Amino acid sequence: MTLIRTRFAPSPTGYLHLGSARTALFNWAFARHQGGEFKLRIEDTDLDRSRGEYEEAVLEGMRWLGLDWDGEVIRQSERRERHLAATRELLASGHAYRCNCSRESVEAGKQRDLAAGGPGTYDGHCRDLDLGPDCGEHTVRLRLPEEGLIGWEDAVFGPSGQDASQMGDAIIQRSDGTPLYNLAVVVDDIDMEITHVIRGADHQANCVLQLALYDALGAERPIMAHVPLIVDEQGKKLSKRRNNVSVQQFREEGYLQEALDNWIVRLGWSQGDNEFFSLNDLKHSFSLEGIGRSPAGADPAKLEWLNQHYIKELDSDDLFQRVYPHLEREAGRPVKDTPALRRLLDLLRERSTTLVQMATLARWQLREDLDYDEKAVKKHLKPAALPILESVLEKAQSIPEWKEDSLSQLFDDVSADHDDLKLGKIAQPVRVAVTGGPNSPGIFETLEVIGQARSLHRLEEAIALVQKRIQSAKVD
RNA sequence: GUCCCCAUCGUCUAGUGGUUAGGACACCGGCCUUUCAAGCCGGCGACACGGGUUCGAGUCCCGUUGGGGAUGCCA
């Protein structure tokens with residue numbers, strides 16, 4: 001039995017984006033499940049658009065997603081000689097021919113055919129001219145059958161193909177002597193012994209040409225599996241221009257690698273009613289049969305849900321490590337790893353949809369000065385709250401222990417002193433006093449996290465604030 | 001224009017001739033409750049349309065409509 005071998009072949013013309021990431025993930029998962037190899041090849045033959053920094057960005061995205069590849073990264077540009085040799089071979093065998101038609105005449109021919117209702121393909125002017133190397137500036141074209149179906153059994157779409165009469169002889173080598181994508185891909189896949197080509201459905205049309213190339217080169221055709229595209233809200237193919245979808249951007253926004261992998265694998269692939277898939281799960285159960293045939297729209301809400309799910313599952317150290325950069329940014333300075341902070345992060349898990357949000361929610365712990373929420377102050381720090389805050393402050397100074405139990409008792413005492421005031425009437429003013437806002441974890445837990453000294457200080461400041469508000473109200 | 005592909009709740013999907021068409025996200029309501037969440041319970045909500053085939057079609061065939069992709073000396 002031959003070893004299953006897949007590859008991911010991105011072109012380094014931008015950051016790794018969602019669609020590419022999913023293709024990579026499918027290839028990775030399939031290879032891993034089959035106990036095969038997963039290769040990485042950078043398609044950098046378009047020298048104008050390829051950039052070294054993008055290549056590194058793609059690699060970095062892959063690593064972050066947890067998609068490890070086998071062997072060295074192969075760079076297509078370094079295989080130029082092999083590609084040219086293949087063209088020479090095709091020329092020698094008569095499967096390809098030189099074409100010295102000018103761009104203008106080719107374009108004119110195309111327009112003529114289009115006007116006549118045809119497919120607008122190359123008219124084959126040089127097909128049987130048997131031009132030699134001295135025919136001037138020329139391209140090399142692949143000689144395709146004139147009729148008949150060029151078909152294949154797609155692992156996703158089933159019987160597929162196109163009639164040869166709809167195709168023109170395609171250029172495989174530019175007039176400057178450099179090889180073109182379709183030729184390079186096929187030659188590389190043959191040399192790399194790729195057994196399964198899993199890629200976006202936008203390659204379905206290329207497939208016919210590439211298959212013809214395999215045949216012309218006398219190579220065995222791999223299994224082709226085309227994956228439906230990921231589309232945007234308008235149902236259009238995700239594009240780097242229109243959509244903000246780079247993997248690194250999701251990372252910066254505080255999404256977990258686990259969540260992103262889980263999200264994209266379920267775009268166009270499913271396994272019964274299961275929703276949660278770790279990389280490890282995929283390694284054990286991914287199969288091509290689970291791939292659907294219709295385009296999938298990416299739903300950000302589902303990503304958020306998954307992200308929170310995985311945030312909740314992280315162990316304390318892992319969570320701390322991953323949220324740290326965001327905490328630092330929020331604090332504006334290095335942050336100390338303390339039991340109180342760990343406790344807070346734990347409380348924030350079920351309140352955070354992203355790591356960025358978690359850091360934002362931890363703001364009152366990360367900074368000394370509070371940002372008072374204007375609406376909350378207006379609603380909860382009003383004159384009526386003054387005696388309550390004073391009462392809490394007074395009792396808090398002599399509390400036996402700054403712990404949840406004692407604090408709970410303290411609130412009960414305050415309530416009793418104020419005509420059995422409802423807990424909420426005490427909790428909300430205190431919450432705004434110590435966090436600046438109307439929302440936080442349970443008030444006792446919040447106070448515990450903040451600590452006695454800081455809590456007392458913030459209570460005092462809030463009391464001063466209320467008094468000031470009363471004063472200015474009188475003046476007005 | 002030409003070729004190719006797709007079509008189940010708003011979204012992701014299960015479904016492989018016989019189901020009250022299932023699940024998840026979102027949404028709505030309730031419970032819980034010191035806020036926000038989380039959690040639990042419940043609700044809304046789909047087979048694009050028209051023909052066939054069949055005792056019986058979401059499932060098979062044809063057409064229509066709608067959407068998408070490809071039509072490069074880009075990858």
Side-chain angles (χ1 to χ4, degrees), chain A residues 9-13 43-46 48-50 76 99 101 103 106-107 110 113-121 137-141 154 157 160-163 165-168 170-182 184-185 200-208 226 228-229 231 233-237 263 266-276 290 292-306 308 312 347-353 361 376 380 408 411 415 422-432 435 437-444 446:
Chain A
S11 51
T13 52
E43 314 234 307
D44 55 353
T45 46
D46 183 348
D48 291 343
R49 293 198 296 158
S50 296
Q76 193 161 60
C99 168
C101 291
R103 292 172 199 251
V106 170
E107 177 60 23
K110 174 181 170 178
D113 188 39
L114 239 30
T121 49
E137 187 175 287
H138 64 273
T139 58
V140 176
R141 288 181 186 268
D154 196 279
F157 287 92
S160 305
Q162 207 180 124
D163 199 88
S165 63
Q166 292 299 321
M167 318 255 318
I171 297 179
I172 57 176
Q173 189 174 103
R174 296 185 181 91
S175 54
D176 67 1
T178 60
L180 241 22
Y181 167 74
N182 283 303
V185 177
D202 49 347
H203 283 285
Q204 268 169 129
N206 289 332
C207 197
V208 178
H226 289 92
L229 301 178
V231 296
E233 295 74 15
Q234 281 78 244
K236 304 228 189 283
K237 174 168 89 158
W263 189 47
R266 285 286 288 99
L267 256 29
W269 179 84
S270 66
Q271 200 163 69
D273 283 338
N274 296 339
E275 291 291 346
F276 299 117
R293 282 185 287 195
S294 46
D299 178 14
K302 195 140 189 177
L303 206 214
E304 297 200 342
W305 169 70
L306 282 167
Q308 179 164 60
K312 285 199 259 185
L347 294 167
L348 257 21
R349 290 171 191 265
E350 58 196 31
R351 296 171 169 79
S352 310
T353 220
L361 293 176
H380 300 293
S408 173
F411 273 56
S415 166
K422 272 171 54 179
L423 204 50
K425 295 284 182 192
I426 307 170
Q428 279 312 85
V430 172
R431 192 187 311 279
V432 178
T435 71
N439 305 133
S440 84
I443 190 62
F444 310 132
T446 299

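Letters A, B, ... are given to chains in the order of the sequence lines, protein chains preceding strands, and every chain is numbered from 1. Just so we're clear, the structure is a prediction, and the values are computed from it rather than from any experiment.
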Determine: side-chain N/O of [X] to OP1/OP2 of [N], distance under 4.0 Å, yes or no.
{"X": "A:Lys312", "N": "B:A37", "value": "no"}
{"X": "A:Arg174", "N": "B:A75", "value": "yes"}
{"X": "A:Ser440", "N": "B:U35", "value": "no"}
{"X": "A:Lys110", "N": "B:G72", "value": "yes"}

Quick check: on RNA chain B, is the nucleotide nearest A:Leu267 upstream (toward 5') of the one nearest A:Pro10, or the reverse? Name the residue that is more 5'. A:Leu267
First encountered from the 5' end of RNA chain B, between A:Gly424 and A:Val231: A:Gly424
Which of these nucleotides, [options], is closest to any side-chain atom of [X]?
{"X": "A:Asp273", "options": "B:A75, B:C36, B:G23", "value": "B:G23"}
{"X": "A:Gln166", "options": "B:A75, B:A37, B:C3", "value": "B:C3"}
{"X": "A:Pro295", "options": "B:C74, B:G23, B:C6", "value": "B:C6"}
{"X": "A:Phe157", "options": "B:A24, B:A37, B:C6", "value": "B:C6"}
{"X": "A:Thr139", "options": "B:A75, B:G69, B:C73", "value": "B:C73"}
{"X": "A:Lys236", "options": "B:C25, B:A37, B:G69", "value": "B:G69"}
{"X": "A:Gln162", "options": "B:C4, B:C74, B:C6", "value": "B:C4"}
{"X": "A:Ala301", "options": "B:U35, B:C25, B:A75", "value": "B:C25"}

Just to be sure I understand the rule, does [X] reach a base, reach only the sugar-phosphate, or reach nothing, if contact means heavy atoms closer than 4.0 Å?
{"X": "A:Ile443", "result": "base"}
{"X": "A:Ala427", "result": "base"}
{"X": "A:Gly292", "result": "nothing"}
{"X": "A:Arg103", "result": "base"}
{"X": "A:Phe411", "result": "nothing"}
{"X": "A:Ser270", "result": "sugar-phosphate"}
{"X": "A:Leu306", "result": "nothing"}
{"X": "A:Leu114", "result": "base"}
{"X": "A:Gln308", "result": "sugar-phosphate"}

What is the separation between atom [atom1] on [X] and atom [atom2] on [N], rounded to the nearest whole Å?
{"X": "A:Glu107", "N": "B:G72", "atom1": "CD", "atom2": "P", "result": "8 Å"}
{"X": "A:Leu423", "N": "B:U34", "atom1": "CG", "atom2": "P", "result": "6 Å"}
{"X": "A:Arg293", "N": "B:C6", "atom1": "CZ", "atom2": "P", "result": "6 Å"}
{"X": "A:Asn206", "N": "B:C5", "atom1": "CG", "atom2": "C1'", "result": "15 Å"}
{"X": "A:Gln428", "N": "B:A37", "atom1": "CD", "atom2": "P", "result": "12 Å"}
{"X": "A:Asn274", "N": "B:C12", "atom1": "CG", "atom2": "P", "result": "19 Å"}
{"X": "A:Glu304", "N": "B:U11", "atom1": "CD", "atom2": "P", "result": "18 Å"}
{"X": "A:Leu229", "N": "B:C12", "atom1": "CG", "atom2": "P", "result": "13 Å"}

For [Y], is there any backbone N or O sitting under 3.5 Å from a side-chain donor or acceptor partner on [X]?
{"X": "A:Asp154", "Y": "A:His226", "answer": "yes"}
{"X": "A:Gln166", "Y": "A:Asp163", "answer": "no"}
{"X": "A:Arg174", "Y": "A:Pro179", "answer": "yes"}
{"X": "A:Trp263", "Y": "A:Asp299", "answer": "yes"}
{"X": "A:Thr353", "Y": "A:Gln308", "answer": "no"}

With a 4.5 Å heavy-atom cut-off, do A:Pro438 and A:Arg431 have their side chains touching? no
How far, in whole Å, is [M] from [N] if one measures between their [atom1] atoms?
{"N": "B:G51", "M": "B:A37", "atom1": "P", "result": "50 Å"}
{"N": "B:A38", "M": "B:G18", "atom1": "C1'", "result": "43 Å"}
{"N": "B:U53", "M": "B:U13", "atom1": "P", "result": "34 Å"}
{"N": "B:C61", "M": "B:G67", "atom1": "P", "result": "24 Å"}
{"N": "B:C27", "M": "B:U19", "atom1": "C1'", "result": "26 Å"}
{"N": "B:C60", "M": "B:A7", "atom1": "P", "result": "10 Å"}
{"N": "B:U20", "M": "B:G10", "atom1": "P", "result": "23 Å"}
{"N": "B:A26", "M": "B:C32", "atom1": "P", "result": "23 Å"}

Thinking salt bridges, do A:Arg266 and A:Glu275 make one under a 4.0 Å N-O criterion? yes
Any N or O donor-acceptor pair under 3.5 Å from the base of B:G23 to the side chain of A:Glu275? yes
Classify the side chain of A:Arg266 versus the base of B:U13 as yes if they form a donor-acceptor pair under 3.5 Å and no if they do not. no
Scan every strand shown for a Watson-Crick or G-U wobble partner of [N], both distances under 3.5 Å, and answer none if you come up empty.
{"N": "B:U11", "value": "B:A24"}
{"N": "B:U2", "value": "B:A70"}
{"N": "B:C47", "value": "none"}
{"N": "B:C60", "value": "B:G52"}

Closest contact, heavy atoms only, A:Cys101 versus A:Val106: CB-CG2, 3.7 Å
Using the aromatic ring of A:His203 (for Trp, its six-membered ring), decide whether it stacks on the base of B:A70 within the limits of 5.5 Å and 30°. no
Quick one about A:Thr435 and A:Ser440 (side-chain donor to acceptor, distance below 3.5 Å, no hydrogens or angles considered), yes or no? no
